[in-house]
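What follows is a set of notes on a single structure, which appears directly below.
Note that these values count all heavy atoms, side chains included, but never hydrogens, waters or copies made by symmetry. Each chain gets a letter, A, B and so on, in the order its sequence line appears, and its residues count up from 1.
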Amino acid sequence: MVEWTDQERTLIANIFANLDYEDIVKPDVSCHHSLCLRCLIVYPWTQRYFGGFGNLYNADAIMNNPMISAHGVKILHGLDRAVKNMDDIKNAYATLSELHSEKLHVDPDNFRLLSDCLSIVIASKMGYDFTPDLQAAWQKFLTVVVFALGRQYH
Amino acid sequence: MLSKREKELISNIWERLTPVAEDIGAEALLRMFTTFPGTKTYFSHLDISPRSPHMLSHGKKIVLAIAEGAKDISQLTVTLGPLQTLHAYQLRIDPTNFKLFSHCMLVTLACFMGENFTPVVHAAMDKYLSAFAAVLAEKYR
């Protein structure tokens, strides 16, 4: 059972309160804040899971792909579930973990790649408001989420 | 593998970071110590409070080394020769920590560059820092 200090709970809740999901995932002109597509560009091998998503041929194609954007929103809503169940993320994610293992067949290392990208997107958006203490609380949260997502793999 | 365009991008960015080397370096180190407390074990001999003289000087050292490597990425093994020896035989820092530092450096750059830390820049920077870390660890065994 993960112990969260009051400060950590507040810090993590604040990040979510300030997160505009549409902003984080939508590609604007220079596609600054788009989460899913950042992962697909920085770690191109993650594209293997998106065969049915149409044109992912290059950064521009990925940036303008609406299915990718929509998927990013889905992922962020999934993270929401963890924030709402911080004292039992393990069980809150049991079915999601099974889904990713049994149906989607996603290598669990990808969860870590996506979470690293998310930290960087948030840092890019918040600038120096993303303090070292905030980063530490956020990293702890993501580590718990990544572990919970990988738990039902066998 | 870094493309020619990526190497130019990296080289330009690190040249621009050289004047603020100690700020960027100290920031990245602080983030690493705060987010991954196990990394502090290598620094019991230094004052690692935020922006201490030790942090600023050590941060500067690291950033200048990364910037030096960025001037000619194809020569990384030559440029990093002495640092390879230092890390392998004296410092003996577990190379997993290079990944943790690289991640914190990327976060620092994202805070510093904001919108300009685009996915393309991010990808190039991540590739460069991975290559740098790999070369640094080459003499370990």
**Message:** Are A/Val121 and A/Val42 connected into the same hydrophobic cluster when the rule is that any two of I, L, V, M, F, W, Y join if their side-chain heavy atoms are below 4.5 Å apart?
**Reply:** no
**Message:** Do B/Leu80 and B/Leu91 sit in one hydrophobic cluster, given that two such residues count as connected whenever their side-chain heavy atoms are within less than 4.5 Å of each other, even indirectly?
**Reply:** yes
**Prompt:** Rounded to the nearest 0.5 Å, what separation is found between the CG atom of B/Asp126 and the CD1 atom of A/Ile120?
**Reply:** 7.0 Å
**Message:** Tell me whether B/Val20 shares a hydrophobic cluster with B/Leu56, the cluster being built from Ile, Leu, Val, Met, Phe, Trp, Tyr side chains joined at under 4.5 Å.
**Reply:** no
**Distance (rounded to the nearest 0.5 Å) between B/Lys127 NZ and A/Tyr43 OH** = 12.0 Å
**Prompt:** Do you know the tightest heavy-atom contact between B/Phe117 and A/Ser124?
**Reply:** O-OG, 4.5 Å
**Message:** Walk me through whether A/Gln135 and B/Val107 qualify under side chain to side chain contact (heavy atoms under 4.5 Å, CB included).
**Reply:** CA-CA 9 Å; A/Gln135 182 185 347; B/Val107 170; 3.6 Å; yes
**Request:** Following the transitive rule for hydrophobic clusters with a side-chain heavy-atom cut-off under 4.5 Å over Ile, Leu, Val, Met, Phe, Trp and Tyr, establish whether A/Met126 and B/Leu106 coincide in one cluster.
**Result:** yes
**Prompt:** Near A/Lys140 NZ, under 6.0 Å, is it more than 12 heavy atoms from other residues, nucleotides or ligands?
**Reply:** yes
**Asked** Within a radius of less than 6.0 Å around CZ of A/Phe50, do more than 12 heavy atoms belonging to other residues, nucleotides or ligands occur?
**Response** yes
**Prompt:** If two hydrophobic side chains count as joined below 4.5 Å and joins carry through other members, does B/Phe43 share a cluster with B/Leu83?
**Reply:** yes
**Asked** Which atom pair, heavy atoms only, marks the closest approach of A/Ile41 to B/Pro119?
**Response** CD1-CB, 3.9 Å
**Item:** Gap separating the NZ atom of A/Lys125 from the SG atom of B/Cys111, nearest 0.5 angstrom
**Value:** 13.0 Å
**Prompt:** How far apart are the closest heavy atoms of B/Leu30 and A/Pro132, and which atoms are they?
**Reply:** CD2-CG, 3.7 Å
**Complete:** d(A/Leu134 CG, B/Arg31 CZ) to nearest 0.5 Å is 8.5 Å
**Complete:** Under 4.5 Å to a heavy atom of chain B? For A/Thr143 that would be neither
**Prompt:** For chain A, which residues from residues 133-141 of chain B lie under 4.5 Å away (heavy-atom distances)?
**Reply:** none
**Prompt:** If you round to the nearest 0.5 Å, how far is OG of A/Ser115 from NE2 of B/His103?
**Reply:** 7.0 Å
**Item:** Atom pair CZ/OG1 of A/Arg38 and B/Thr118 - distance to nearest 0.5 Å
**Value:** 6.5 Å
**Message:** Is it true that, when you exclude A/Glu102 itself, more than 12 heavy atoms of the residues, nucleotides or ligands shown sit nearer than 6.0 Å to its CD?
**Reply:** yes
**Asked** What part of A/Asp129 gets closer than 4.5 Å to chain B, counting heavy atoms only: side chain, backbone, both or neither?
**Response** neither
**Asked** Given a strict heavy-atom distance threshold of 4.5 Å, which part of B/Phe33 is in contact with chain A: side chain, backbone, both, or neither?
**Response** neither
